Amino acid sequence: MTLKVYNTAARSLQEFVPLREGEVRVYACGPTIYNHAHIGNFRTFLFFDLVHRHLEYSGYGVQFVMNLTDVDDKVIQAAHEAGSTIEEHTKPFGDTFLADCVSLGVWTVDSYPRATMHIEQMVEFIERLVDKGHAYSAEDGAVYFSIESFPEYGKLKGIDTSTLIAGARVEHDEYDKEDARDFALWKAATEEDEEVGAAWDSPWGRGRPGWHLECSVMSTMQLGDTLDMHLGGEDLVFPHHENEIAQSECATGHPFVRYWMHVKHLFVEGRKMSKSLGNFIRVRELLEEGYDPAAIRHLLISSHYRGELNFTRAGLKASGVAVQRLMDFEARLSQLETADDAEESALPGLAEKVVLDFRSTMDDDFNSAGALGVLFGFVTKVNAELDAKGRVSTSDRDLALGALRSMDTVLGLLEVAQASRVIDDDLSSWVERMIEERAQARASKDFARADEIREELSAKNIVLEDSAEGTRWKVVN
RNA sequence: GGCGCCGUGGCCAAGUGGUAAGGCAGAGGACUGCAAAUCCUUUAUCCCCGGUUCGAAUCCGGGCGGCGCCUCCA
């Protein structure tokens, strides 16, 4: 029962051993808040959440930090186009991002540092690098990291740095780098930067931090020189994370990250999500269209994070049905009438086994797709047992329910589904009255009236289920 | 060009050496006033060819097909 994670740096599965026993310090590269987050972002953030939840579930003390990038080229450009400052521009997107997280059940993390709040620390960090000979200030007012001073550069991505010069289209001409591969730690302020409030004083004049810097500074500041896990989208492996390693290890003298994990980008309707294709789907839109947030969550965690995932409306619909099955199962168990003189059932055995299977599947590099399979297999077996037995003891029922809820602390599906289906008391009492009226109609064999009531409720997404114990109702999305 | 990934039933998706989890959809059945929910039954030569092995979806080689990164896109 040990956690195994795929470490990008090793390009293989490794047993997870944190620096300090029982504690895990995680840093995740969050969004750049220049626009609303899209579902691709959320595949990644939902994976972060799965890691967060599973680590806690496994008994670790977790310190989880996720940055929000509020100053970089994209932010500056967007603010400029909107005629506002970067602060004004990013504020609402930061807010809606956190709101989207709540909608999809992404747990709050310990800290959401923003680059603009750590300019001073970044300047100090650069000074350390300059002092140690890993960085130099250039004529153009920028400060660059010297790749040559860090022979291990390229180890994360597994590339030979010498190929960078020949092959890639490296930034050139307008910069005064000593080596084309060097990257900026500090950039001199342009007129545009000043206009949108993205310029600060520094020993090298007015300017702003390079994008890679914020993560190195904020992560080591809050979590220490060596992080247990660093997470991000696959696009960040190079150069972002490679550069973070270079900066951090040169500044601190310690290994930066023990385990790197990267999430594969998702597709939409079979194609890459991109501006040119205009196929961005924002979480906001889906929620406004009335899709169940739990269905979105289900779909985004239904395939392994390193595998392909093609996001489609059809898939979302299927996920919605799957979530409903889970909800129905939870309702069946929690509303089950138990009998303490009931004969022994298979529930305790099933409950114990499913949790073990679930854990070991999640321990296998956060295999959420496999874990869902384990969960749904449990649903079918328990339903069958309940059909066969009729009545079970309270303790057997509670064991099954406990197993279900235990697994959901990691998956968060019931959690999100229930949160989005809150019904007010007025509606609730109205439904109860209608059910009562229908019961009378049925008792007097007035099935026409009974069906009429069912229709009326159905129009409001309320479904009735008749059973031996009476009529239950539920809201479906 | 360099580095890398993927190809499992109608759709989605686990499994990575011992003869195929799970979800959705379809068909049939049980139950039901009708439904819903639930259960049962039912649908896979695991892209192709060759090799290793007692045994491969799983390992190796080749082929075909799809894709990613190498551009401050999660």
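A note on names: the letters A, B, ... follow the listed sequences, proteins ahead of strands, and every chain is numbered from 1. Because the structure is predicted, anything quoted here is derived from the model rather than measured. Values below: every heavy atom of this structure, side chains too, minus hydrogens, waters and symmetry copies.
For the salt bridge (Lys or Arg N to Asp or Glu O under 4.0 Å) test, residues two or more places apart in sequence or in another chain that qualify with A/Glu152 are A/Lys155. For A/Thr108, there are no side chain to side chain donor-acceptor pair (under 3.5 Å) partners at least two apart in sequence or on another chain. Take A/Glu415 and apply the side chain to side chain contact (heavy atoms under 4.5 Å, CB included) test, not counting sequence neighbours, and it matches A/Arg53, A/Trp107, A/Asp408. Under the side chain to side chain contact (heavy atoms under 4.5 Å, CB included) criterion, A/His265 pairs with A/Glu234, A/Asp235, not counting sequence neighbours. Annotation: side chain to side chain donor-acceptor pair (under 3.5 Å) contacts of A/Arg208 (sequence neighbours excluded): A/Asp73, A/Asp193. Under the salt bridge (Lys or Arg N to Asp or Glu O under 4.0 Å) criterion, A/Lys74 pairs with A/Asp72, not counting sequence neighbours. Residues meeting the side chain to side chain contact (heavy atoms under 4.5 Å, CB included) test with A/Leu399, sequence neighbours left out: A/Pro348, A/Ala351.
Relative to the side chain of A/Val321, the nucleotides B/C24, B/C67, B/A74 differ in distance, and B/C24 lies closest.
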The contact string for nucleotides 34-42 of chain B, one letter per nucleotide 5' to 3', using protein heavy atoms under 4.0 Å with B, S and - for base, sugar-phosphate only and none, comes out as BBBSBSS--

Its contact letters, B for base, S for sugar-phosphate only and - for none at protein heavy atoms under 4.0 Å, make nucleotides 11-18 of chain B read --SSS---

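Residue contacts shown for A/Phe267 are limited to sugar-phosphate atoms, with no base heavy atom under 4.0 Å away. Among the protein residues, A/Lys445 comes within range of no part of the nucleic acid, since none of its heavy atoms lies under 4.0 Å from any strand. Note on A/Gly40: a base of the nucleic acid sits closer than 4.0 angstrom, heavy atoms only. In this structure, A/Gly373 reaches the bases: a heavy-atom distance under 4.0 Å links it to at least one base atom across the strands shown. In this structure, A/Leu236 reaches the sugar-phosphate backbone alone: every heavy-atom distance under 4.0 Å involves primed, P, OP1 or OP2 atoms, never a base. Within the nucleic acid shown, A/Phe447 comes within 4.0 Å of at least one base atom, counting heavy atoms only.
Judged by Watson-Crick or G-U wobble contacts below 3.5 Å, the nucleotide B/U32 has no partner.
A/Lys272 has a side-chain polar atom (N or O) that falls below the 4.0 Å cut-off from OP1 or OP2 of B/C69.
Both tests hold for A/Arg306 against A/Tyr6: distance to the six-membered ring centre under 6.0 Å, angle to the ring axis within 45°.
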